Amino acid sequence: MERGTIDLADVSGPFDLQSTLESGQTYLWDRADGTMYDRLGAHGGEQWYRTVVPPIDGVSEERIAVRVRQTGGVDDGTLEWEATAGATGVLTHLLRLDDDLDSMLATMPDLPVVERAVEAYPGMRLVRDPPFPCLISFICSAQMRVSRIHGMQRRLAATYGDAVDLAGETYHAFPRPDQLAAASEEELRDLSLGYRAPYVERTALMVAEGEAHPREAAALEYEPAREFLTRFVGVGDKVADCVCLFSLDHLEAVPLDTWIRSVIADRFPECDRGAYAETSRAIRDRFGGEYAGYVQTYVFHYLRSGGE
DNA sequence: TATCCAAGGTAAGTT
DNA sequence: AACTTACCTTGGATA
């Protein structure tokens with residue numbers, strides 16, 4: 001086992017681990033105390049969070065089990081980690097510590113709800129999930145509560161993923177495409193995926209057989225990337241936008257989910273253009289363009305956690 | 001205790 | 001292109 005620390009004074013702008021991981025962007029981490037997504041806004045403070053990271057091109061060539069916690073403040077605190085290999089690189093990648101958050105915040109629109117959301121969760125960042133697990137977890141998200149989406153991913157990992165030991169505990173990696181493609185629809189329904197089971201099965205098969213891989217969409221412009229991702233079964237515009245934003249660095253993507261649609265109806269009705277693509281463009285412009293997805297994530301978490 | 005409802009939507013069919 | 005409808009499951013609200 002290796003351990004290390006990341007000094008947040010060396011990171012551009014603030015960082016907050018808890019709001020970053022528990023704001024409904026990622027379903028691939030667990031809290032060590034088992035309360036991840038159990039209660040909205042349950043502040044345990046300085047908790048360990050853990051995950052297993054698959055090999056990532058240009059970042060790490062091996063699979064790494066890691067746990068991490070934050071001590072101290074969002075500007076001058078410390079990230080403390082333990083892992084099966086050096087983890088500073090993968091944590092910087094997954095938690096977007098390479099973003100210059102202050103500069104991004106400076107470009108965000110001068111709107112009351114945005115300002116309050118940013119003040120409520122200082123240091124919250126977007127995540128950069130691995131593409132395949134991100135794709136599958138958001139296929140599972142259709143018409144589902146956040147805590148249950150997380151439960152599905154836990155069961156998928158426990159059932160089909162490799163076991164990895166770290167510091168006397170067993171972690172379960174998210175299943176690779178070939179592992180998930182070997183699952184039957186019936187087995188997936190037994191994990192209570194419901195009607196999403198055939199979507200997951202068929203999409204895993206598409207990736208396992210090399211028909212397409214979600215990471216290919218990272219090389220495309222944003223809107224073509226969204227269109228590309230909808231070729232996967234169970235992926236419409238909304239899920240495609242989530243993968244664009246939470247995995248593929250298309251930070252202008254604004255997923256039009258039920259929460260953001262209600263924000264549009266209540267506060268920006270002129271942005272409702274009917275069709276997804278046009279409404280998406282309108283709210284993206286209203287949210288400042290280049291980093292509109294950051295704005296969306298602040299507003300989403302702020303409203304969902306009871307603000308206003 | 002029983003019943004109802006909605007949850008980070010998508011696919012397939014109809015007009 | 002816009003509009004309907006079916007779809008699994010279950011925690012939480014309501015009666």
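Predicted model only: the values in this text are computed from it and were never measured. Any value given below was found using the heavy atoms of this structure, including those in side chains, with hydrogens, waters and symmetry copies removed. Throughout, protein chains are lettered first and strands after them, A, B, ... in sequence-line order, and every chain is numbered starting at 1.
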My understanding is that only one of Arg215(A), Glu216(A), Glu211(A) makes a side-chain hydrogen bond (donor to acceptor under 3.5 Å, both in side chains) with His213(A); could you say which? Arg215(A)
Distance check, P atoms only: dC8(C) and dT3(B), in whole angstrom units. 23 Å
Below 6.0 angstrom between ring centroids: does that apply to Tyr27(A) and Phe138(A)? yes
With heavy atoms under 4.0 Å as the rule, sort Gln25(A) into base, sugar-phosphate or nothing. base
Pick base, sugar-phosphate or nothing for Tyr27(A), based on heavy-atom distances below 4.0 Å to the nucleic acid. base
Between the side chains of Thr78(A) and Asp7(A), is a donor N or O closer than 3.5 angstrom to an acceptor N or O? no
Find the partner of dC7(C): check Watson-Crick (N1-N3 plus N6-O4 or O6-N4) and G-U wobble (N1-O2, O6-N3) distances, both under 3.5 Å, and reply none if neither fits. dG9(B)
So if I define the base as every atom that isn't primed, P, OP1 or OP2, how would nucleotides 5-11 of chain C read as a B/S/- string at a heavy-atom cutoff under 4.0 Å? --BBBSB
Rounded to the Å, how far apart are Arg304(A) CZ and dA7(B) C1'? 11 Å
Nearest-angstrom distance from the residue atom OH of Tyr37(A) to C1' of dA7(B): 15 Å
Taking dG11(C) as the reference, what is the distance to dT10(B) when you measure between their C1' atoms (whole Å, please)? 23 Å
Most 5' of Cys242(A) and Thr230(A) on DNA chain B, judged by nearest nucleotide: Cys242(A)
Would you say the side chains of Ser305(A) and Tyr121(A) form a donor-acceptor pair under 3.5 Å? yes
Please determine whether the number of non-hydrogen atoms from other residues, nucleotides or ligands lying under 6.0 Å from atom CD of Glu290(A) exceeds 12. no
For Asp241(A) and Tyr222(A), which I'm curious about, is there any donor-acceptor pair between the side chains at under 3.5 Å? yes
What is the distance, to the nearest angstrom, from the CD1 atom on Ile149(A) to the P atom on dA6(B)? 18 Å
